[in-house]
Structure formats: structure tokens, C-alpha cells
*Asks:* 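Dumping the structure here so I can ask a few things about it.
Just so it is clear, the model here is predicted, and its values are computed rather than measured. Values below: every heavy atom of this structure, side chains too, minus hydrogens, waters and symmetry copies.
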Amino acid sequence: MIKRYSTMDLGLFHYLNSFAGRSEWLDAIFIFFASYLEYWLVGGLLASVIAYRWQNGFRILTDALLAALFSRLILTEIIRFFYAKPRPFEVTDVYRLIDHSSGGAFPSGHAAFFFALAMAIFLYNRVWGGVFFVGAVLISVSRVVGGIHWPSDILGGAVVGIFSGVLIFYLMKHYRV
């Protein structure tokens, strides 16, 4: 079953996953990025809109959340319906830092959600969008290191997310009252 994965995907996965289990503090950092950074990003977005009263803050928040939800709950699930890809721990030796259920690896829902959020914010504010892109990368790479996604799952999720962010931005810009 492992032969259906590209050598590059398999090699990059094993390289990144090799960082897991090296030290307790490094594992703690990867677990934080993969499992908890997401709450800090979303909370930070809400707090920033409220505290700093960004110009067009409600518009940014609405577009970003719509893009993220469209990406994660609609596009990702449609792709997964037609293309079922097992997770790395189902088909190869993995050092798992994060517990996760089987199936539904491609595209990564976390990558789709956070890259959509980042893209939508970036189209309004490049500095904050850049911060959210860094967060999306940290979350995504840590999920590969943690043993629950292939690098191609992350790439697929990033493409879906960025597409969703751009699509929602232009649709909302065109149809907003």
C-alpha cells in the first residue's frame, strides 16, 4: 500500500517526522503548534478586531471566517469524498506526537482552514496576513512532524485555502451591500 505515495512525499514525511521524539521540549513545541496554536490565532484575530478596531475590522473578520469555513467544511469534504487517502500512521512507521482518527488525510483540513484565514486577512492587511501565514505554516508543518499528515496533504490544503480566501474576498467585494 505504501507504493502509491511518491518518493518525495514519503522521503519528506520521514525527514520531518524524524524530528519527533528527539527531545521533550521539542515535542512540546510541535504539539503546541499542531494542536493549540490554532486557538491563539483565532482568538488573536477576534481580540485584534475588537481591541484595535481595525479599519474594516468586521469585514475582515467576516471574510476570513467565511473563507476558512468554506475551505474546511465544503471544499475539503468534497475532495475527501472523491479521494480517500489514508494517514501516514496507517501505512508506514511513524513517531506519533498527536493522537488522531484514521482516514481523511487529503487535503489537510487544518491547512485549508488556516491558509484561507491567512489569505483573506492578507488581502486586507499584508502585515497581519503575513503573521497568519506564518501561523498556518507552523500548524501545518507540525502536523507532518506529529505524524498525522503527508506533506502533500498540507500542500493540497494550502492550495484549497488560498483559493478559498481569494474567492470569498472577491465575491464579498463584488456582492457586498
*Asks:* Could you label the plane-to-plane angle of the Tyr36 and Tyr39 rings as parallel, tilted or perpendicular, counting under 30° as parallel and over 60° as perpendicular?
*Replies:*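 The arrangement is tilted - the two ring planes meet at 30° to 60°.
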
*Asks:* Keeping the roles fixed (side chain from Arg96, backbone from Gly147), state whether a donor-acceptor pair exists under 3.5 Å.
*Replies:* no

*Asks:* Cluster question for you: counting only ILVMFWY and a side-chain heavy-atom cut-off of under 4.5 Å, with indirect links fine, are Phe30 and Trp25 together?
*Replies:* yes

*Asks:* Roughly how far, to the nearest 0.5 Å, is CG of Leu65 from CD1 of Ile168?
*Replies:*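 Answer for the CD1-CG pair, Ile168 versus Leu65, is 11.5 Å.
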
*Asks:* Are the aromatic ring centres of Tyr124 and Phe169 under 6.0 angstrom apart?
*Replies:* yes

*Asks:* Hey, are the side chains of Val145 and Phe33 touching, using non-hydrogen atoms and a 4.5 Å cut-off?
*Replies:*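 Side chain of Val145 against side chain of Phe33, heavy atoms only: no contact under 4.5 Å found.
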
*Asks:* Can you tell if the side chain of Ser164 reaches within under 4.5 Å of the side chain of Phe115, non-hydrogen atoms only?
*Replies:* no

*Asks:* Are more than 12 heavy atoms, taken from residues, nucleotides or ligands other than Phe32, located less than 6.0 Å from that residue's CZ atom?
*Replies:*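 Correct, the count exceeds 12.
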
*Asks:* Give, for atom CG of Leu61 and atom CG of Leu66, the distance between the pair rounded to the nearest 0.5 Å.
*Replies:* 9.5 Å

*Asks:* For Arg22, check salt bridge (Lys or Arg N to Asp or Glu O under 4.0 Å) against everything at least two apart and list the hits.
*Replies:*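 Salt bridge (Lys or Arg N to Asp or Glu O under 4.0 Å) check on Arg22 returns nothing, list empty.
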
*Asks:* Does Trp128 reach the side chain of Ile60, with side-chain heavy atoms less than 4.5 Å apart?
*Replies:* no

*Asks:* I need the Arg87 CZ to Ser101 OG distance, nearest 0.5 Å.
*Replies:* 6.0 Å

*Asks:* Determine the minimum heavy-atom distance between Ala158 and Ala111, stating which atoms define it.
*Replies:* N-CB, 4.0 Å

*Asks:* Would you say Leu155 and Val141 are hydrophobically clustered, going by side-chain heavy atoms of ILVMFWY under 4.5 Å?
*Replies:*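 Different clusters.
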
*Asks:* With side chain to side chain contact (heavy atoms under 4.5 Å, CB included) as the test, would you mind laying out the steps for Leu123 and Asp63 before giving the verdict?
*Replies:* CA-CA 10 Å; Leu123 292 169; Asp63 288 6; over 6 Å; no

*Asks:* For the atom pair CD1 (Ile79) and CD1 (Ile74), what is the distance rounded to the nearest 0.5 Å?
*Replies:*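 The distance works out to 12.0 Å.
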
*Asks:* Please give me the minimum heavy-atom distance between Leu45 and Ala64, naming the atom from each residue.
*Replies:*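 Heavy-atom minimum between the residues: CD2-CB, 4.4 Å.
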
*Asks:* Roughly how far, to the nearest 0.5 Å, is the CE atom of Met119 from the CZ atom of Phe132?
*Replies:*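 Here the interatomic distance stands at 14.0 Å.
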
*Asks:* Same cluster or not: are Leu167 and Tyr175 linked, directly or through other Ile, Leu, Val, Met, Phe, Trp or Tyr residues, by side-chain heavy atoms under 4.5 angstrom apart?
*Replies:*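 Linked within one cluster.
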
*Asks:* For Ala105, does its backbone N or O pair with a side-chain atom of His149 as donor and acceptor, under 3.5 Å?
*Replies:* yes

*Asks:* Under the side chain to side chain contact (heavy atoms under 4.5 Å, CB included) criterion, do Ser102 and Phe89 qualify, and how do the steps go?
*Replies:* CA-CA 8 Å; Ser102 300; Phe89 59 82; 3.9 Å; yes

*Asks:* What are the two closest non-hydrogen atoms of Asn17 and Gly146, and how far apart are they?
*Replies:*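 The answer is ND2-C, 4.2 Å.
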
*Asks:* Provide the closest heavy-atom pair for Ile98 versus Ser142 in the form atom of the first, atom of the second, distance.
*Replies:*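 It is CD1-O, 4.3 Å.
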
*Asks:* Check whether Asp27 reaches the backbone of Ala20 with its side chain - one donor and one acceptor, N or O, closer than 3.5 Å.
*Replies:*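 Looks like no, no N/O pair under 3.5 Å.
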
*Asks:* Quick check against the 3.5 Å criterion: does Ser18 have a side-chain atom that pairs as donor or acceptor with the backbone of Tyr15?
*Replies:* yes

*Asks:* Quick check for you: to the nearest 0.5 Å, what is the distance between Ser35 atom OG and His110 atom NE2?
*Replies:* 7.0 Å

*Asks:* Quick check: does any side chain N or O of Arg143 sit under 3.5 Å from a backbone N or O of Ala34, one acting as donor and the other as acceptor?
*Replies:* yes

*Asks:* In terms of ring plane angle, is the pair Phe13 and Trp150 parallel, tilted or perpendicular, where the classes change at 30° and 60°?
*Replies:*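 The rings of Phe13 and Trp150 sit tilted, inter-plane angle from 30° to 60°.
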
*Asks:* Check the hydrophobic clustering (I, L, V, M, F, W, Y; side-chain heavy atoms under 4.5 Å; chains of links allowed) and say if Phe81 and Phe70 are grouped together.
*Replies:*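 Cluster IDs for Phe81 and Phe70 match.
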
*Asks:* Between Val144 and Val159, is there a shared hydrophobic cluster once you connect ILVMFWY residues whose side-chain heavy atoms come closer than 4.5 Å?
*Replies:* no

*Asks:* Parallel, tilted or perpendicular: which fits the ring planes of Phe106 and Tyr83, with parallel below 30° and perpendicular above 60°?
*Replies:*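 Perpendicular: the ring planes of Phe106 and Tyr83 meet at over 60°.
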
*Asks:* Any donor-acceptor pair under 3.5 Å linking the side chain of Ser108 with the backbone of Asp153?
*Replies:* no

*Asks:* Is there a side chain to side chain contact (heavy atoms under 4.5 Å, CB included) between Leu37 and Phe114? Walk through the geometry before answering.
*Replies:* CA-CA 11 Å; Leu37 181 59; Phe114 287 100; over 6 Å; no

*Asks:* Specify the closest pair of heavy atoms between Ala136 and Leu41, including all atoms of both residues, with the distance to one decimal.
*Replies:* N-CD1, 4.5 Å

*Asks:* When you measure from the side chain of Arg80 to the backbone of Gly104, do you find a donor-acceptor pair of N or O atoms at a distance under 3.5 Å?
*Replies:*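 Side chain of Arg80 to backbone of Gly104: a pair is present.
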
*Asks:* Might you point out which heavy atoms bring Leu97 and Gly21 nearest each other, and give the distance in Å?
*Replies:*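 Result for this residue pair: CD2-N, 4.4 Å.
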
